[in-house]
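All remarks here apply to the structure that follows.
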Amino acid sequence: MPELPEVEVVRRGLEAHVVGSRIDAVEVLHPRAVRRHLLGGDDLAAQLAGLGVVGASRRGKYLWLELAPGDLAVVVHLGMSGQMLVQPPAAPREKHLRILANLDSGSQLRFVDQRTFGGWALAPIVDVDGTALPEPVAHIARDPLDPLFDADSVVAAIRAKGSEIKRVILDQTVLSGVGNIYADEALWRTGIHGNRPADRLTRPQVRLLLGSVTEVMSEALAQGGTSFDALYVNVNGESGYFDRSLSAYGREDRPCPRCGAPIRREKFMNRSSYSCPKCQPRPRGL
DNA sequence: TATATCTCCTGCGGGC
DNA sequence: TGCCCGCAGGAGATAT
């Protein structure tokens, strides 16, 4: 499941292999992959043809290719299973190939997405607080790896929320890039149960949690991201290794690396949360 | 306005 | 062997 580190690995791959190319032609093979491009797949393909790729950027889990001429970008979200692959034209088409772009370099940029939660959309670049962003990304908060990330104001924003802390750090308008895996890992590192109300945490606790979020995502990035199966790969189709370093996520009944208690799994927001019953006691009353 | 829940989707694994 | 069901989860839409 691509979260910030995985998306950053993909962005770096696109910067190395796609930026500097021109898009010659685009084939949209599944309408859901372009559902956020309101004018449809034919329009997307027609508008992209002939444009040059001049940059690859990211905020949180969104990435985009900056295009020229014109202040346009193709915004990409990988959803749960999206892959951006750079392939030779002779390579066999992937089973879940959704969008195909032929580049003047002779390579193909392929968007492969089994579960079709991801997609592409063409959007204008707008100015948001002095930063140029594609319009669909304008509401997304800065992520912890952003040089302009303001930890003090994010701590205040988190503590102003009445929801549970895990729900708040998954809210991409508060801080971006965090998904279920790294939320569980950061909460485990900090010893905080995800059901604790955000507005009951102290400033030092929230600051520590933000530090853990940054730390765990930086470590994951250094290892090429987290991968559980073939669904997450970089542009060359290679998987990361961080899943071997996870302490809580996906480790139900296995010993907590800190205290040895069996990791528990609980339902939360229609998905699973993993935590240590000793290191992360439930808030009173739950 | 803030918060909570629902929905979309596909492949896999378990149970019968 | 085949069918059914639950599970995985990001984020926009909808409900409270």
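Residue numbers begin at 1 in each chain, while the letters A, B, ... track the order of the sequences.
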Considering only [options], which nucleotide approaches the side chain of [X] most closely?
{"X": "A:K61", "options": "C:dC7, C:dG10, B:dG11", "answer": "C:dG10"}
{"X": "A:R115", "options": "B:dT10, C:dA11, B:dC8", "answer": "B:dT10"}
{"X": "A:Q172", "options": "B:dT10, C:dA11, C:dG10", "answer": "C:dA11"}
{"X": "A:S163", "options": "B:dA4, C:dG10, B:dT10", "answer": "B:dA4"}
{"X": "A:R32", "options": "B:dC9, C:dC7, B:dT10", "answer": "B:dC9"}

> Can you name the closest pair of heavy atoms from A:E135 and A:A123 and give their distance?
Replying inline: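 Nearest heavy atoms, A:E135 then A:A123: N-CB, 4.3 Å.
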
> What residues, two or more places apart in sequence or in another chain, satisfy salt bridge (Lys or Arg N to Asp or Glu O under 4.0 Å) together with A:E8?
Replying inline: A:R11, A:R12, A:R58

Check whether any side-chain N or O of [X] sits under 4.0 Å from OP1 or OP2 of [N], and answer yes or no.
{"X": "A:S81", "N": "C:dA8", "result": "no"}
{"X": "A:H139", "N": "C:dA11", "result": "no"}
{"X": "A:Y62", "N": "C:dG12", "result": "yes"}
{"X": "A:K161", "N": "B:dT3", "result": "yes"}
{"X": "A:K267", "N": "C:dA8", "result": "yes"}
{"X": "A:K95", "N": "B:dT10", "result": "no"}

> Do the side-chain N and O atoms of A:E94 and A:Q87 include a donor-acceptor pair separated by under 3.5 angstrom?
Replying inline: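 Checked: A:E94/A:Q87 side chains pair up, N/O donor to acceptor below 3.5 Å.
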
> Any chance the side chains of A:S57 and A:E66 put a donor and an acceptor closer than 3.5 Å?
Replying inline: yes

Within this structure, what is the [atom1]-to-[atom2] distance between [X] and [N], rounded to whole angstrom?
{"X": "A:F268", "N": "C:dG10", "atom1": "CZ", "atom2": "C1'", "value": "15 Å"}
{"X": "A:L78", "N": "C:dG10", "atom1": "CG", "atom2": "P", "value": "12 Å"}
{"X": "A:Q114", "N": "C:dC7", "atom1": "CD", "atom2": "P", "value": "18 Å"}
{"X": "A:D171", "N": "C:dA11", "atom1": "CG", "atom2": "P", "value": "10 Å"}
{"X": "A:E164", "N": "B:dA4", "atom1": "CD", "atom2": "C1'", "value": "9 Å"}
{"X": "A:I140", "N": "C:dG10", "atom1": "CD1", "atom2": "C1'", "value": "10 Å"}
{"X": "A:Q83", "N": "B:dC9", "atom1": "CD", "atom2": "C1'", "value": "16 Å"}
{"X": "A:M269", "N": "C:dA8", "atom1": "CE", "atom2": "P", "value": "14 Å"}

> Using the C1' atoms of five pairs at each end, what's the angle between the two axes of the helix from B:dA2-C:dT16 to B:dC16-C:dG2, to 10 degrees?
Replying inline: 50°

Expected list for residues 166-175 of chain A: side-chain donor-acceptor pairs under 3.5 angstrom, two or more places apart:
{"residue": "A:K166", "atom": "NZ", "partner": "A:N180", "partner atom": "OD1", "Å": "2.6"}
{"residue": "A:K166", "atom": "NZ", "partner": "A:D184", "partner atom": "OD1", "Å": "2.7"}
{"residue": "A:K166", "atom": "NZ", "partner": "A:S273", "partner atom": "OG", "Å": "2.6"}
{"residue": "A:R167", "atom": "NE", "partner": "A:E164", "partner atom": "OE1", "Å": "3.2"}
{"residue": "A:D171", "atom": "OD1", "partner": "A:T173", "partner atom": "N", "Å": "2.9"}
{"residue": "A:D171", "atom": "OD1", "partner": "A:T173", "partner atom": "OG1", "Å": "2.7"}
{"residue": "A:Q172", "atom": "OE1", "partner": "A:G177", "partner atom": "N", "Å": "2.9"}
{"residue": "A:Q172", "atom": "NE2", "partner": "A:L170", "partner atom": "O", "Å": "3.0"}
{"residue": "A:Q172", "atom": "NE2", "partner": "A:V178", "partner atom": "O", "Å": "3.0"}

>> Can you tell me whether the side chain of A:R167 and the base of B:dA4 have a donor-acceptor pair closer than 3.5 Å?
In response: no

> Hey, is the side chain of A:R271 pairing donor to acceptor with the base of C:dG10 inside 3.5 Å?
Replying inline: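 Between C:dG10 and A:R271, which were checked side chain against base, a qualifying N/O pair under 3.5 Å is present.
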
>> Test salt bridge (charged side-chain N to carboxylate O under 4.0 Å, His left out) on A:R254 and A:E252; report intermediate values, then the result.
In response: CA-CA 5 Å; A:R254 295 170 68 184; A:E252 184 180 16; over 6 Å; no

> Between A:W120 and A:F111, what is the ring plane arrangement, given parallel below 30°, perpendicular above 60°, and tilted in between?
Replying inline: tilted

>> With a 6.0 Å cut-off (strictly less than), is the heavy-atom count around CG of A:D127, excluding the residue itself, greater than 12?
In response: yes

>> Reading DNA chain B from 5' onward, which residue's closest nucleotide shows up sooner: A:G162 or A:T116?
In response: A:G162

